[in-house]
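A short write-up of the structure that comes next.
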Amino acid sequence: VEPISLGLAIAGAAASALTGIISYPRLYCYFRECCLQRHELRVANALQESLDRRLFGQHLVSKVVVRAVRGFLSNSQAKKPLALSLHGWTGTGKNFVSKIIAESIYKRGLKSNYVHQFVATLHFPHAHSINLYKDQLQSWIRGNVSICPRSIFIFDEMDKMHAGLIDAIKPFLDYYELLDGVSYRQAIFIFLSNAGAEKITEVALDFWRNGKAREDIQLTDMQNALSVSVFNNRNSGFWHSTLIDRNLIDYFVPFLPLEYKHVKMCVRVEVESRGYAVDEDILNRVADEMTYFPREERIYSDKGCKTVDAKLDYYYDL
Ligand SMILES: Nc1ncnc2c1ncn2[C@@H]1O[C@H](COP(=O)(O)OP(=O)(O)OP(=O)(O)O)[C@@H](O)[C@H]1O
């Protein structure tokens, strides 16, 4: 075989292999991350499994989040992007759940090129730069949704976010078919905040004081109270915001305050993930070290499961 025809043959083989790869997007996506990669059923199953196994004491969260994500992904005619608003006391799992949602849709989770996280105090710290932030945020969202319609945007500390900035997101959440040639209908927006945490605690405490099980708390016990309390809270960026006013939030997701037994479960997970032997005595001692409220009953951990890992260092360094 002449060198030149051998070269052509190799080039031909390479070209057909490449065409093969391109015509098999699944194969291509196996090696490189793709937008809209996973089938909705797989996402819903992964999400359900992960929440059941890893999330403690949040029966309402699992129910709402799985239903919302499954319904949205399987609806090819969605009229608007999915907007979830996660509310609750610190350390109860809001960031944890948004990470689990991201991981169920994109294997790389928060590290995926299609998942974008903003923290109000970190990314938008100065009230006087609000107009600049607005422009930057809008073009960031537009640019990323143009590249991948199924982009996920997570906004942490929404209660510390300037109301004007929240309103800047509004057009993307609305029922438009196209905005400047871009459709936002497949995107997912997740908002996290502590707003409404007192209201959630009030309802949970009421159940507890009446001797009713925590798991009997229904979504209806929470949702109206929550949306009204968030809307009327002047300290929260949601106040006066058109997101709630115009019903652009699809689901308010209430996170219940965590009890002693949940804190212990978190300690156990941390111990196991570090590869240490589980020692019940240490689990109790770490859980005992947390502070609990209200002052009389001392039921709920005031930091949820936060700082559990730091406390563990102390015991295993002894
Ligand atoms: N309900 C829970 N079940 C299991 N682990 C939890 C739960 N809540 C919190 N954790 C653990 O505690 C860590 C801290 O929680 P997370 O950051 O999700 O709290 P948060 O609600 O977002 O708090 P904040 O309002 O302060 O941002 C998580 O990474 C997770 O390991």
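For ligands, and for the atoms within them, numbers begin at 1 and follow the listed sequence.
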List the steps, then state whether salt bridge (charged side-chain N to carboxylate O under 4.0 Å, His left out) holds for K134 with D167. CA-CA 9 Å; K134 264 188 189 180; D167 287 342; over 6 Å; no
Worked check of salt bridge (charged side-chain N to carboxylate O under 4.0 Å, His left out) between E103 and K107: CA-CA 5 Å; E103 284 168 357; K107 204 157 67 187; over 6 Å; no
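- Ligand 1 places these atoms under 4.0 Å from at least one heavy atom of Q58: 1 (N).
- Using a 4.5 Å heavy-atom threshold, the side chains of S193 and H87 count as touching.
- Residue R274 qualifies as enclosed at atom CZ: its count of foreign heavy atoms under 6.0 Å is above 12.
- Residue-ligand proximity: C266 is placed with a non-hydrogen atom under 4.0 Å from ligand 1.
- Following chains of ILVMFWY side-chain contacts shorter than 4.5 Å, one cannot reach L258 starting from L312, and the two form parts of different hydrophobic clusters.
- Checked by atom type, the side-chain pair Q48/S62 shows no donor-acceptor distance below 3.5 Å.
- In terms of protein heavy-atom proximity, atom 21 (O) of ligand 1 is nearest to K94 NZ, 2.7 Å.
- Of the candidates T90, T92, V269, V61, it is T92 that places a heavy atom closest to atom 7 (C) of ligand 1.
- Across all non-hydrogen atoms, the minimal contact from S301 to V263 is CB-CG2, 3.7 Å.
- Scanning the protein for heavy atoms near atom 1 (N) of ligand 1, the closest one is F56 O, 2.8 Å.
- Only side-chain heavy atoms of L258 come within less than 4.0 Å of ligand 1; its backbone N, CA, C and O stay farther off.
- Proximity to R54 (heavy-atom distance under 4.0 Å) selects the following atoms of ligand 1: 3 (N), 4 (C).
- Near L55, meaning under 4.0 Å from one of its heavy atoms, ligand 1 places the atoms 1 (N), 2 (C), 3 (N).
- The nearest heavy-atom contact from the protein to atom 22 (O) of ligand 1 is N95 ND2, 2.7 Å.
- Protein heavy atom closest to atom 29 (O) of ligand 1, with residue, atom name and distance, is F96 CD1, 4.0 Å.
- Within the cation-pi definition used here (under 6.0 Å to the ring centroid, within 45° of the axis), K212 qualifies as a partner of F207.
- Looking from atom 11 (C) of ligand 1 to the surrounding protein, the closest heavy atom is C305 CB, 3.7 Å.
- Residues Y106 and V115 are in side-chain contact: their nearest non-hydrogen atoms beyond the backbone lie under 4.5 Å apart.
- Checking D174 against Y184 by side-chain atom types alone, no donor-acceptor pair falls below 3.5 Å.
- Distance check on atom 9 (C) of ligand 1: some protein heavy atom falls below the 4.0 Å cut-off.
- The part of N194 lying near ligand 1 is the side chain, judged by heavy-atom distances below 4.0 Å.
- Using a 4.0 angstrom heavy-atom cutoff, G91 counts as in contact with ligand 1.
- Of all protein heavy atoms, the one lying nearest to atom 14 (C) of ligand 1 is K306 CG, 3.8 Å.
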